[in-house]
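The structure presented is a predicted model; accordingly, all values stated were derived computationally and were not measured. What you see below is based on every heavy atom in this structure, not just the backbone, and it leaves out hydrogens, waters and symmetry mates. All residue numbers refer to positions in the sequence shown, counting from 1.
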Amino acid sequence: GRGYALFPLLGVLFFPGVHIVLSLEIKADAHVRGYVGEKIKLKCTFKSTSSVTDKLTIDWTYRPPSSSRTESIFHYQSFQYPTTAGTFRDRISWVGDVYRGDASISISNPTLKDNGTFSCAVKNPPDVHHNIPATELTVTERGFGTMLSSVALLSILVFLPSAVVVILLLVRMARKSAGLKKRSKSGYKKSSIEVSDDTDQEEGDDCMARLCVRCAECLDSDYEETY
C-alpha cells in the first residue's frame, strides 16, 4: 500500500506528492482588566482541523510579573482539573465548552497579587502544533470613579454645573421682573436703602454664579486627573 509518515509534533502530515499542514489556531485577549473581589473571565478560543475527541487537552499556566517561574493552574481532559495548590487554589472555574471551541476559565475573588501573565495551551491530537497566546491580567481596586461609566460621569461633570448656573439666572430674572412690576404699580422712587438692598442681592447672586463656575472648573480638573 501507499506509505505515509505522521509527525504530530511538527504538525505536518506527509503523503506521496501531498503536503498537509495541520492547523490549530488559538486566540485569547492580550489584556484583561479586573477588580478586586469581582469574578474575572479569561477568554480563550480555538479552531482545530480535527474533530474534538477525549484526547483533547487544555492547560492554563500563570507567571507572576517580573518572573520566569510558571505554575499550572488548570488542566482539562474530558474532566476539569483546577489546581489544588498555590494562590489560585479553589478559585479557578471552568466556563468553556470544547465542542464550541471555547477553553475559557474564570477567577473568583481576585486580588492585587493575581496580576501577571496567563497562557492558554490546547492540543487536539493529531492537531497539536499551534501558538500559545498570553493574557496580561491587571487587577485594581474599584473606586467611586470607576463605578460610573465614563459617559455618565462626563454628563454629570458637564451638565450639572451648567444646569445650576441656568437655574440661578432664571431665579434672578424672575426676582427682577417681580420687583419691577411691584414698583411700577406703587409709583414711588427707590430710597437709598432699597437701592442698597438690591445691590447686595445682585452681588450675592453674582458671587453664587461665580462659585458654581469655579466648582465646575474643579470638577473638570478632577476628571482630567482621574483619566
Side-chain angles (χ1 to χ4, degrees), residues 6-14 18-142 146-151:
L6 177 64
F7 299 93
L9 293 179
L10 297 178
V12 179
L13 185 64
F14 292 98
V18 180
H19 182 195
I20 302 176
V21 178
L22 300 179
S23 175
L24 179 59
E25 180 184 8
I26 305 176
K27 293 183 179 180
D29 295 328
H31 301 279
V32 172
R33 185 181 183 88
Y35 300 101
V36 173
E38 300 181 22
K39 182 177 288 188
I40 299 172
K41 180 179 179 179
L42 299 180
K43 187 176 181 180
C44 177
T45 58
F46 65 91
K47 292 182 179 180
S48 176
T49 57
S50 301
S51 300
V52 173
T53 67
D54 57 2
K55 295 181 179 180
L56 179 142
T57 61
I58 298 171
D59 287 283
W60 278 90
T61 57
Y62 166 73
R63 178 170 57 84
S66 304
S67 173
S68 59
R69 178 181 60 85
T70 61
E71 62 176 291
S72 175
I73 61 172
F74 181 85
H75 175 75
Y76 177 95
Q77 185 173 7
S78 297
F79 297 96
Q80 310 160 24
Y81 300 98
T83 181
T84 56
T87 58
F88 292 97
R89 177 182 178 181
D90 299 327
R91 296 198 294 127
I92 302 297
S93 300
W94 169 250
V95 292
D97 184 344
V98 294
Y99 296 103
R100 294 185 178 181
D102 191 347
S104 304
I105 60 173
S106 66
I107 303 175
S108 301
N109 301 316
T111 68
L112 299 178
K113 295 181 180 180
D114 294 339
N115 288 336
T117 304
F118 295 79
S119 298
C120 174
V122 181
K123 293 182 180 180
N124 186 35
D127 201 358
V128 297
H129 182 65
H130 61 79
N131 61 310
I132 301 180
T135 298
E136 295 290 337
L137 175 63
T138 302
V139 182
T140 59
E141 293 279 0
R142 181 183 285 279
T146 56
M147 291 181 181
L148 298 174
S149 67
S150 58
V151 176

Trainee: Check the pair Ser50, Asn124 against side chain to side chain donor-acceptor pair (under 3.5 Å), reporting the backbone distance first and the verdict last.
Mentor: CA-CA 7 Å; Ser50 301; Asn124 186 35; 4.9 Å; no
Trainee: Do Thr61 and Phe118 come within less than 4.5 Å of each other through their side chains, counting heavy atoms only?
Mentor: no
Trainee: How about Asn131 and Pro133: do any of their side-chain heavy atoms sit closer than 4.5 Å?
Mentor: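 Yes - at least one pair of side-chain heavy atoms lies under 4.5 Å apart.
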Trainee: Report yes if some heavy atom in the side chain of Cys120 is under 4.5 Å from a heavy atom in the side chain of Ile132; otherwise report no.
Mentor: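 No, every pair of side-chain atoms sits at 4.5 Å or beyond.
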Trainee: Mark yes or no for whether Asn115, through its side chain, and Val139, through its backbone, hold a donor-acceptor pair below 3.5 Å.
Mentor: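 Side chain of Asn115 to backbone of Val139: a pair is present.
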Trainee: Identify, with sequence neighbours excluded, every residue that meets salt bridge (charged side-chain N to carboxylate O under 4.0 Å, His left out) alongside Glu136.
Mentor: none
Trainee: Which atom pairs, one a donor and one an acceptor, fall under 3.5 Å between side chains of residues 92-101 and the rest of the protein, sequence neighbours left out?
Mentor:
residue : atom : partner : partner atom : Å
Trp94   : NE1  : Gly96   : O            : 3.2
Asp97   : OD1  : Tyr99   : N            : 3.1

Trainee: Among residues at least two apart in sequence or on other chains, which ones pass side chain to side chain donor-acceptor pair (under 3.5 Å) with Asp102?
Mentor: Ser104
Trainee: What residues form a side chain to side chain donor-acceptor pair (under 3.5 Å) with Glu71, not counting sequence neighbours?
Mentor: none
Trainee: Could you work out, with side chain to side chain donor-acceptor pair (under 3.5 Å) as the rule, every residue matching Asp59, not counting sequence neighbours?
Mentor: His75
Trainee: Taking distance alone, no hydrogens or angles, what donor-acceptor pairs closer than 3.5 Å link side-chain atoms of residues 77-88 to residues at least two apart or in another chain?
Mentor:
residue : atom : partner : partner atom : Å
Gln77   : NE2  : Asp54   : O            : 3.4
Thr83   : OG1  : Ala85   : N            : 3.2
Thr83   : OG1  : Ala85   : O            : 2.9

Trainee: Please give me the minimum heavy-atom distance between Ile40 and Gly34, naming the atom from each residue.
Mentor: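 Here Ile40 and Gly34 meet closest at CD1-CA, 3.6 Å.
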Trainee: Assess the residue pair His130 and Lys123 against the criterion (side chain to side chain contact (heavy atoms under 4.5 Å, CB included)); give the C-alpha distance rounded to whole Å, side-chain angles, the decisive distance to 0.1 Å, and a yes or no.
Mentor: CA-CA 8 Å; His130 61 79; Lys123 293 182 180 180; 4.1 Å; yes
Trainee: Any side-chain heavy atom of Pro64 sitting closer than 4.5 Å to one from Arg69?
Mentor: yes
Trainee: Determine whether Asp114 and Arg91 satisfy the following criterion, side chain to side chain contact (heavy atoms under 4.5 Å, CB included), listing intermediate values before the conclusion.
Mentor: CA-CA 11 Å; Asp114 294 339; Arg91 296 198 294 127; 2.9 Å; yes
Trainee: With side chain to side chain contact (heavy atoms under 4.5 Å, CB included) as the test, would you mind laying out the steps for Leu137 and Ile107 before giving the verdict?
Mentor: CA-CA 11 Å; Leu137 175 63; Ile107 303 175; 4.1 Å; yes
Trainee: Assess the residue pair Ile26 and Cys44 against the criterion (side chain to side chain contact (heavy atoms under 4.5 Å, CB included)); give the C-alpha distance rounded to whole Å, side-chain angles, the decisive distance to 0.1 Å, and a yes or no.
Mentor: CA-CA 7 Å; Ile26 305 176; Cys44 177; 3.6 Å; yes
Trainee: Would you call Tyr62 and Ser72 a side-chain contact if the rule is heavy atoms closer than 4.5 Å?
Mentor: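 The answer is no, as the side chains (C-beta and beyond) never meet within the 4.5 Å cut-off.
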